[in-house]
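Because the structure is predicted, anything quoted here is derived from the model rather than measured.
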Amino acid sequence: MSNPHIAVIGAGTMGNGVAQVCAQAGLRVTMVDVDQAAVQRGVDTVGKSLARLVSKEKISADERSAILGRIEGTTDYAAIAPADIVIEAATENLDLKLRILRQIDALVRKEAIIATNTSSISISQLAAVISRPERFIGLHFFNPVPVMQLLELIRGMQTAGETLAQAQAFAKLVGKTPIVAKNSPGFVVNRILCPMINEAIFALQEGLASAEDIDTGMRLGCNQPIGPLALADLIGLDTMLSVMNVFYEGFNDPKYRPAPLLKEMVAAGRLGRKTGRGFYSYA
């Protein structure tokens with residue numbers, strides 16, 4: 001774990017963020033996505049993020065170039081074969097993740113750790129399609145990855161103690177603070193956070209207050225850095241709905257029922273920042 005080669009599957013918001021923090025820590029990173037355009041968008045996003053750090057004089061222009069030089073973007077899955085840790089960071093969709101994990105498992109060395117960045121899906125269920133499930137673990141990064149300090153480590157039923165120890169070492173290597181959670185829908189942070197956001201959506205739906213006042217109330221009354229509805233827009237309302245559905249099905253408890261307004265907004269394509277409109281407009 002002193003200088004592991006990291007592979008990241010997915011060059012989207014989470015994937016390119018994970019690639020950036022690993023490269024900033026001095027690690028070699030291979031970032032894979034389905035087509036070259038997606039790969040290039042991921043690399044460009046990292047470049048822009050690092051450029052902001054240069055403008056704030058937190059890193060030099062030479063350091064920016066060196067960090068980008070440690071990230072290899074590709075569409076070729078075979079490039080992950082020598083990696084020490086492979087992190088799946090695809091969309092929060094069970095079938096997609098299972099398909100990707102099977103592809104990863106067929107390529108990597110038996111010593112490699114395979115991890116998922118899922119925010120809600122069962123680690124034990126995902127591990128079941130891996131030939132060495134004891135080498136599988138959840139590495140739940142938080143958005144935006146370069147900024148957020150936390151890394152939630154989730155053990156599945158099959159995860160070995162050595163795998164957890166290596167994941168803890170990796171977390172510290174990339175400058176994150178790890179916490180350990182057992183496998184349960186939403187783990188720890190989202191188990192608390194997402195129902196709170198869902199309740200804020202119920203409050204808006206019932207006309208208790210405007211979106212602005214709900215968010216202001218939670219920021220100033222609970223000292224939250226961002227209001228729950230603005231945070232939902234940042235996370236993506238489709239992701240929020242997926243997480244709440246996992247809770248609702250996993251716990252079989254009506255308290256996790258997704259707010260009808262959330263379902264309607266997703267159906268309307270108002271997914272938050274990524275579509276330009278959610279509870280707020282980002283045009």
Side-chain angles (χ1 to χ4, degrees), residues 12-14 17 89-94 97 116-123 138-152 154 177 179 181-283:
T13 299
M14 298 305 295
T91 303
E92 197 75 351
N93 177 285
L94 175 60
K97 287 183 182 293
T116 177
N117 185 56
T118 183
S119 58
S120 62
I121 297 172
S122 168
I123 302 303
L139 295 180
H140 181 208
F141 290 85
F142 289 78
N143 185 32
V145 180
V147 175
M148 301 298 283
Q149 183 70 26
L150 183 66
L151 179 53
E152 196 174 28
I154 306 98
T177 300
I179 63 170
K182 74 174 188 178
N183 186 54
S184 180
F187 319 127
V188 171
V189 176
N190 279 347
R191 170 76 175 271
I192 298 166
L193 174 67
C194 292
M196 184 270 289
I197 293 174
N198 193 53
E199 194 63 28
I201 299 170
F202 269 115
L204 179 66
Q205 174 185 306
E206 294 167 14
L208 297 184
S210 67
E212 293 83 358
D213 282 354
I214 290 170
D215 279 354
T216 299
M218 294 304 290
R219 283 192 300 104
L220 301 185
C222 299
N223 206 28
Q224 295 183 354
I226 183 173
L229 300 177
L231 181 56
D233 279 353
L234 179 62
I235 293 169
L237 301 192
D238 52 341
T239 300
M240 270 297 309
L241 180 57
S242 294
V243 171
M244 291 309 302
N245 280 329
V246 167
F247 288 1
Y248 191 37
E249 295 164 9
F251 291 113
N252 194 27
D253 189 330
K255 76 177 182 180
Y256 296 111
R257 177 174 66 99
L261 177 59
L262 174 61
K263 296 168 71 173
E264 186 174 9
M265 291 183 71
V266 171
R270 297 184 180 181
L271 308 183
R273 287 181 179 269
K274 60 187 170 186
T275 59
R277 189 168 183 182
F279 295 109
Y280 299 92
S281 177
Y282 303 93

To the nearest 0.5 angstrom, please state how far the [atom1] atom of [X] sits from the [atom2] atom of [Y].
| X | Y | atom1 | atom2 | result |
| --- | --- | --- | --- | --- |
| K97 | N117 | NZ | CG | 6.5 Å |
| M240 | N190 | CE | CG | 8.0 Å |
| Q205 | E199 | CD | CD | 10.0 Å |

Side-chain contact test, heavy atoms from C-beta onward, threshold under 4.5 Å: evaluate it for [X] versus [Y] and give yes or no.
| X | Y | value |
| --- | --- | --- |
| T118 | I123 | yes |
| L237 | F279 | yes |
| I197 | L231 | yes |
| F142 | E152 | yes |
| P195 | K255 | no |
| F141 | M148 | no |

- [ ] Start with the C-alpha distance between L234 and N143, add both sets of side-chain angles, then the distance that settles side chain to side chain contact (heavy atoms under 4.5 Å, CB included), and finish with yes or no.
- [x] CA-CA 8 Å; L234 179 62; N143 185 32; 4.2 Å; yes

TODO: Ignoring hydrogens and angles, tell me if any N or O in the side chain of S184 forms a donor-acceptor pair with the backbone of F187 under 3.5 Å.
DONE: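 Not a single qualifying donor-acceptor pair exists.
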
- [ ] Flag yes if more than 12 heavy atoms outside N223 fall under 6.0 Å of its CG atom; otherwise flag no.
- [x] no

Open item on the list: side chain to side chain contact (heavy atoms under 4.5 Å, CB included), that's the test. Do I154 and K182 meet it? Break it down for me.
Closed with: CA-CA 6 Å; I154 306 98; K182 74 174 188 178; over 6 Å; no

TODO: Given side chain to side chain contact (heavy atoms under 4.5 Å, CB included), test L229 with L204 step by step and report yes or no.
DONE: CA-CA 9 Å; L229 300 177; L204 179 66; 4.1 Å; yes

Task: Derivation and outcome, side chain to side chain contact (heavy atoms under 4.5 Å, CB included), residues S122 and N183 - done: CA-CA 6 Å; S122 168; N183 186 54; 3.1 Å; yes

Open item on the list: So if I apply the side chain to side chain contact (heavy atoms under 4.5 Å, CB included) rule between C194 and each of V189, V243, T239, I235, which one comes out positive?
Closed with: V243

Considering all heavy atoms of both residues, which atom of [X] and which atom of [Y] are nearest to each other, and what is their separation?
| X | Y | result |
| --- | --- | --- |
| I214 | A200 | CD1-O, 3.8 Å |
| P146 | G17 | CD-CA, 4.2 Å |
| H140 | S119 | NE2-CB, 3.4 Å |

Task: Pairs satisfying side chain to side chain donor-acceptor pair (under 3.5 Å), at least one member in residues 274-283, at least two apart - done: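 Only D215-Y280, D233-Y282, D238-K274 qualify under side chain to side chain donor-acceptor pair (under 3.5 Å).
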
Task: Exercise: do S242 and E92 side chains pair donor with acceptor under 3.5 Å - done: no

Please list every donor-acceptor pair under 3.5 Å in which a side-chain atom of residues 256-269 meets a protein atom from a residue at least two apart or in another chain.
from: Y256; atom 1: OH; to: R191; atom 2: NE; distance (Å): 3.1

